[in-house]
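A short worksheet on the structure shown next.
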Amino acid sequence: MDIVAESKKQKTKTAREISPQRILVPINFSISSKRAFAQALSLAGKASRITLLHVIPHTAESDRNISGLVASAKRSLTTFTESSRGDYDLSIRILVRTGVPFQEILAAAEENNIEMIVLGVNESDPLAGIELGHTIDRVSRYARCSVLLVRQSE
């Protein structure tokens with residue numbers, strides 16, 4: 001009887017046990033990243049925390065005005081969050097980093113003990129089914145946590 005009781009206990013998991021508690025959503029302000037954020041909101045439990053990350057790639061121009069670009073990205077992320085979060089009452093953290101996007105996404109996931117990365121996939125490219133892009137490819141290969149790719153709906 002103990003085996004049956006233990007089996008039933010394992011089948012009835014709470015929403016907290018099923019929902020990832022720490023979710024990272026890289027945002028590039030595209031429609032696909034908005035869909036990824038919406039998916040992360042629907043996956044999150046009440047105790048979950050979502051981190052929105054925008055990465056500013058290094059360029060000669062960004063190196064000259066990095067503080068202005070970071071401030072602008074934070075404002076844009078705040079506006080993005082307010083317009084996209086709907087009725088969800090979750091902890092949402094905003095993060096802006098500079099560097100190589102896939103490296104910064106992986107580093108942020110490690111530093112914040114992320115359980116799931118939710119990435120939007122833009123399928124407007126005819127080769128999108130074969131080549132998901134440099135950043136998505138690298139993140140999905142090297143992340144130590146689960147990675148969910150959210151495709152555009154038809």
Side-chain angles (χ1 to χ4, degrees), residues 15-154:
R16 186 172 194 272
E17 293 171 318
I18 296 170
S19 299
Q21 298 301 296
R22 291 170 306 281
I23 302 171
L24 177 67
V25 185
I27 300 292
N28 63 1
F29 304 108
S30 66
I31 292 171
S32 59
S33 64
K34 188 171 186 171
R35 286 191 176 114
F37 181 45
Q39 185 68 44
L41 287 169
S42 69
L43 287 170
K46 290 185 179 186
S48 296
R49 182 181 79 200
I50 295 176
T51 300
L52 299 181
L53 169 67
H54 178 70
V55 179
I56 301 169
H58 280 298
T59 62
E61 183 180 328
S62 70
D63 288 343
R64 283 182 289 194
N65 186 24
I66 198 68
S67 61
L69 290 172
V70 169
S72 176
K74 285 182 179 179
R75 284 191 302 274
S76 295
L77 275 173
T78 300
T79 303
F80 178 86
T81 303
E82 291 169 358
S83 68
S84 303
R85 85 184 295 164
D87 294 332
Y88 292 96
D89 185 26
L90 297 169
S91 173
I92 298 176
R93 182 175 171 216
I94 292 173
L95 205 75
V96 176
R97 297 173 75 130
T98 60
V100 179
F102 83 87
Q103 291 174 345
E104 295 303 322
I105 293 167
L106 294 172
E110 287 293 316
E111 292 165 12
N112 294 285
N113 199 23
I114 296 296
E115 295 175 27
M116 178 180 282
I117 300 171
V118 181
L119 283 166
V121 177
N122 185 359
E123 294 186 27
S124 60
D125 182 347
L127 298 177
I130 300 167
E131 176 63 43
L132 295 176
H134 181 71
T135 300
I136 292 170
D137 179 55
R138 295 283 173 94
V139 170
S140 61
R141 277 183 203 226
Y142 300 114
R144 293 185 179 173
C145 61
S146 298
V147 177
L148 175 64
L149 302 179
V150 179
R151 299 185 182 282
Q152 290 179 345
S153 56
E154 296 296 322

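All residue numbers in this chain count up from 1 along the given sequence. Both backbone and side-chain heavy atoms feed into the values below; hydrogens, waters and symmetry mates do not. Computed from a predicted structure; not experimentally measured.
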Using the ring centroid of each side chain, check whether Tyr142 and Phe102 are separated by less than 6.0 Å. no
Report all side-chain donor-acceptor pairs from residues 23-31 shorter than 3.5 Å, counting only partners two or more places apart or in another chain.
{"unit_1": "Asn28", "atom_1": "OD1", "unit_2": "Ser30", "atom_2": "N", "d": "3.1"}
{"unit_1": "Asn28", "atom_1": "OD1", "unit_2": "Ser30", "atom_2": "OG", "d": "2.7"}
{"unit_1": "Asn28", "atom_1": "OD1", "unit_2": "Ser33", "atom_2": "OG", "d": "3.3"}
{"unit_1": "Ser30", "atom_1": "OG", "unit_2": "Ser32", "atom_2": "N", "d": "3.4"}
{"unit_1": "Ser30", "atom_1": "OG", "unit_2": "Ser32", "atom_2": "OG", "d": "2.9"}
{"unit_1": "Ser30", "atom_1": "OG", "unit_2": "Ser33", "atom_2": "N", "d": "3.2"}

What is the minimum heavy-atom distance between Val118 and Ala40, and which atoms define it? CG2-CB, 4.2 Å
Of all the heavy-atom pairs spanning Val100 and Val55, show the shortest one and how long it is. C-CG1, 4.3 Å
With a 4.5 Å cut-off on side-chain heavy atoms, are Leu43 and Leu148 touching? yes
Is it the case that the side chain of Glu115 and the backbone of Pro20 share a donor-acceptor pair, with hydrogens and angles ignored and the cut-off at 3.5 Å? no
Interatomic spacing from CD1 in Ile92 to CG in Leu52 - rounded to 0.5 Å: 6.0 Å
Should Arg97 and Leu53 count as side-chain neighbours, where that means a heavy-atom distance under 4.5 Å? yes
CG of Leu149 to CD1 of Ile136: how many Å apart, nearest 0.5 Å? 6.5 Å
Approximate separation, where rounding is to 0.5 Å, of Gln103 CD and Arg138 CZ: 8.5 Å
If every non-hydrogen atom of Leu119 is compared with every non-hydrogen atom of Ala36, which pair is closest and at what distance? C-CB, 3.8 Å
To the nearest 0.5 Å, tell me how far His54 NE2 sits from Thr98 OG1. 10.5 Å
So Pro101 and Glu104, do their side chains get closer than 4.5 Å, heavy atoms only? no
Tell me if a side-chain donor or acceptor on Ser48 pairs with a main-chain N or O of Gly45 at a distance below 3.5 Å. yes
Once rounded to the nearest 0.5 Å, what's the spacing between atom CZ of Arg49 and atom CG of Asn112? 5.5 Å
CD1/Ile117 to CD1/Ile105 distance, rounded to the nearest 0.5 angstrom? 7.0 Å
Could you report the tightest heavy-atom contact between Leu77 and Leu95, atom names first, then the distance? CD1-O, 3.7 Å
